[in-house]
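Scope of the values below: all heavy atoms of this structure, side chains included, with no hydrogens, waters or symmetry mates. Here, residue 1 is the first one in the sequence, and each next residue gets the next number.
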Amino acid sequence: MKLGYLTNSIVHHGITDINKIVEWSLLQGIGHLEIGPNIPFDHLERVVTEGNINIAALTYCRNFLSEDAEIAAGHRKELMTRIKKAGELGIPMVVTSTGISDSAKGDRYDSYDAIRSKPENSLDRVEAFFEEIVELAERENVKIAFENCPLMGNIAISPELMSQLFKRLDSPNVGLAYDPSHLIWQFIDPYLPIKEFGSKIFHVHAKDTEIDADRLKRVGFLTDFSWWRYRLPGLGELDWSRFISELQDVGYEGVISIEHEDPVWGGDLKKTQEGILMAKRFLEQIPGVVKAK
């Protein structure tokens, strides 16, 4: 396994020049990048050609099933553009979401639907859209990795739904960008799905989640999300040694991509960069993780 990071946390502070990002990363001994949606494609070809740093994936997670047809069409175009660009440059995968439809109806109305639409009601629309996307990915020799984050337009959020999705989109080019942090606050076991999906895990996000048990007792899980927050690896609930060991057991050899969304280590560029390096130092100590070169 190799270490890298997702560029979103750096971009949040206004750094969108890929050359500056590569320069800082190499100075820190980081040799792998996951390129987020707000970095222009300008100069990306030169970065790939020079070969000083590995572009592990392009990322574009949006609601492709938005009820606003213009917004949905724009997102779909951006996703297809990234798949084509990845194929052109030899970047192995595009990390994305599935989309979710607020207007999708199931076969019955119950108390769950009264809270929000069931994600599984969107399966037909997800399948209809991604059939074309998967065909494009296969032609371009690019993998589609669904991230399991519920906080976007996405239904690939649980092992149950992942399994249904893979049955419908049955392709060796379709898999997961596996992020344990999202499973923790959903009270889903973050370790067992690794065995279940094995070779379908194309990419891994390194992010932890902290649970405030006392706050949860007061607000429950429907009032707000004040009872949990994302943290850097090692500062939350996950047993990272066990997590990495489970990945080793299924033969994962891809990139462990640090996704820095820790509010304690954010606020300005310097602190955010230190957070990335803290995560790097922590993960490098775990057997099975290769240094980020």
Side-chain angles (χ1 to χ4, degrees), residues 1-4 6 32-37 54-62 64 79-80 82-87 89-100 119-120 122-123 126-150 152-183 186 188-207 243-244 246-259 288:
M1 289 175 241
K2 303 167 283 289
L3 270 179
L6 174 59
H32 307 275
L33 292 177
E34 178 183 350
I35 304 297
N54 172 52
I55 307 299
L58 302 180
T59 295
Y60 193 78
C61 296
R62 296 290 188 270
F64 306 107
L79 177 61
M80 296 177 79
R82 280 164 174 76
I83 293 170
K84 292 174 183 176
K85 179 60 70 172
L89 297 179
I91 297 170
M93 79 186 73
V94 172
V95 175
T96 190
S97 50
T98 63
I100 189 169
E120 65 182 325
S122 294
L123 274 166
V126 170
E127 180 183 9
F129 168 55
F130 270 93
E131 282 181 344
E132 179 184 4
I133 297 298
V134 172
E135 288 177 2
L136 174 62
E138 289 174 343
R139 288 198 302 272
E140 297 291 342
N141 195 30
V142 172
K143 292 183 177 180
I144 298 294
F146 290 117
E147 208 213 322
N148 53 292
C149 176
M152 60 179 72
N154 198 21
I155 66 170
I157 61 175
S158 68
E160 176 63 26
L161 288 165
M162 294 169 194
S163 178
Q164 292 188 52
L165 191 63
F166 292 149
K167 287 178 182 177
R168 289 171 177 250
L169 300 174
D170 185 13
S171 167
N173 289 60
V174 175
L176 292 173
Y178 193 78
D179 187 330
S181 69
H182 305 305
L183 300 177
Q186 291 184 86
I188 296 172
D189 188 305
Y191 313 104
L192 287 178
I194 297 173
K195 289 186 174 68
E196 179 178 354
F197 295 108
S199 62
K200 282 291 188 182
I201 299 176
F202 295 164
H203 191 66
V204 172
H205 280 162
K207 187 164 85 246
F243 180 71
I244 296 299
E246 296 286 356
L247 289 171
Q248 285 180 298
D249 284 349
V250 298
Y252 182 74
E253 296 180 343
V255 171
I256 305 291
S257 183
I258 297 165
E259 185 179 16

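A distance of 8.5 Å separates CD in Glu140 from CD1 in Ile83, rounded to the nearest 0.5 Å. Here the CD1-CD distance, from Ile194 to Gln248, works out to 11.0 Å after rounding to the nearest 0.5 Å. Atoms OG1 and CG, from Thr96 and Asn154 in turn, are 8.0 Å apart once rounded to the nearest 0.5 Å. Note: Ile133 CD1 to Leu169 CG = 10.5 Å, rounded to the nearest 0.5 Å. Expressed to the nearest 0.5 Å, how far CG of Leu165 lies from CG of Asn148 amounts to 12.0 Å. Interatomic distance, CG of Leu6 versus OG1 of Thr59, reported as 5.5 Å (0.5 Å rounding).
Using a 4.5 Å heavy-atom threshold, the side chains of Pro92 and Phe202 count as separate. Val142 places none of its side-chain heavy atoms less than 4.5 Å from the side chain of Asn173. Side-chain contact between Met162 and Glu196 is absent, with no heavy-atom pair separated by less than 4.5 Å. Residues Leu3 and Val255 fail the side-chain proximity criterion, which asks for heavy atoms closer than 4.5 Å. For the pair Met152/Cys61, a side-chain contact is recorded, criterion being any heavy-atom separation below 4.5 Å from C-beta on. The closest side-chain heavy-atom distance from Ile91 to Ile35 is not below 4.5 Å. Between Ser257 and Val204, the closest side-chain pair of non-hydrogen atoms is not below 4.5 Å. Within the 4.5 Å cutoff, the side chain of Leu79 has heavy atoms near those of the Phe129 side chain.
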side-chain contact (heavy atoms from CB on, under 4.5 Å) between Val95 and Leu58, intermediate numbers included: CA-CA 6 Å; Val95 175; Leu58 302 180; over 6 Å; no
So Leu247 and Ile256, side-chain contact (heavy atoms from CB on, under 4.5 Å) or not? Walk me through it. CA-CA 10 Å; Leu247 289 171; Ile256 305 291; 4.0 Å; yes
Run the side-chain contact (heavy atoms from CB on, under 4.5 Å) check on Glu132 and Met80 step by step: do they pass? CA-CA 10 Å; Glu132 179 184 4; Met80 296 177 79; 3.6 Å; yes
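Donor-acceptor pairing under 3.5 Å is lacking for the side chains of Glu147 and His203. At a cut-off of 3.5 Å, with distance as the only test, a side-chain donor of His32 or Asn54 sits close to an acceptor on the other residue. Side-chain atoms of Ser171 and Glu138 form a donor-acceptor pair, as typed in the model, at a separation below 3.5 Å.
Residue-environment remark: CD (Gln186) exceeds the threshold of 12 foreign heavy atoms within 6.0 Å. Taking a 6.0 Å sphere around NZ of Lys84, one finds it holds 12 or fewer heavy atoms contributed by other residues, nucleotides or ligands.
Counting all heavy atoms, side chain and backbone alike, Gly99 lies closest to Val126 at O-CG2, 3.6 Å. The two atoms that bring Pro150 and Ile157 nearest to each other are CA-CG2, 3.6 Å, heavy atoms only. When all heavy atoms of Ile188 and Pro159 are compared, the pair lying nearest together is CG2-CD, 3.8 Å. The heavy-atom pair separating Pro37 from Arg82 by the smallest distance is O-NH2, 3.0 Å.
In terms of the salt bridge (Lys or Arg N to Asp or Glu O under 4.0 Å) criterion, residue partners of Glu246 (sequence neighbours excluded) are, by chain and number, Lys195, Arg242. Judged as a salt bridge (Lys or Arg N to Asp or Glu O under 4.0 Å), and not counting sequence neighbours, the contacts of Lys85 are Glu88. Residues satisfying the side chain to side chain contact (heavy atoms under 4.5 Å, CB included) test with Leu192, not counting sequence neighbours, are Asp189. Partners of Arg62 according to the salt bridge (Lys or Arg N to Asp or Glu O under 4.0 Å) rule, which considers only residues two or more places apart in sequence or in another chain, do not exist here.
The side chain to side chain donor-acceptor pair (under 3.5 Å) analysis of residues 155-164, with sequence neighbours excluded, yields the pairs Glu160-Gln164. Residue pairs satisfying the salt bridge (Lys or Arg N to Asp or Glu O under 4.0 Å) criterion with at least one member in residues 162-179, sequence neighbours excluded, are listed as follows: Asp124-Arg168, Glu127-Arg168, Asp179-Lys207.
Between Tyr60 and Phe64, the ring planes lie tilted relative to each other; the angle falls in the 30° to 60° range. The aromatic rings of Phe243 and Tyr178 sit parallel to each other, their planes meeting at less than 30°, with 60° as the upper class boundary.
No close placement of the Phe166 and Phe146 rings is indicated, their centers lying 6.0 Å or farther apart.
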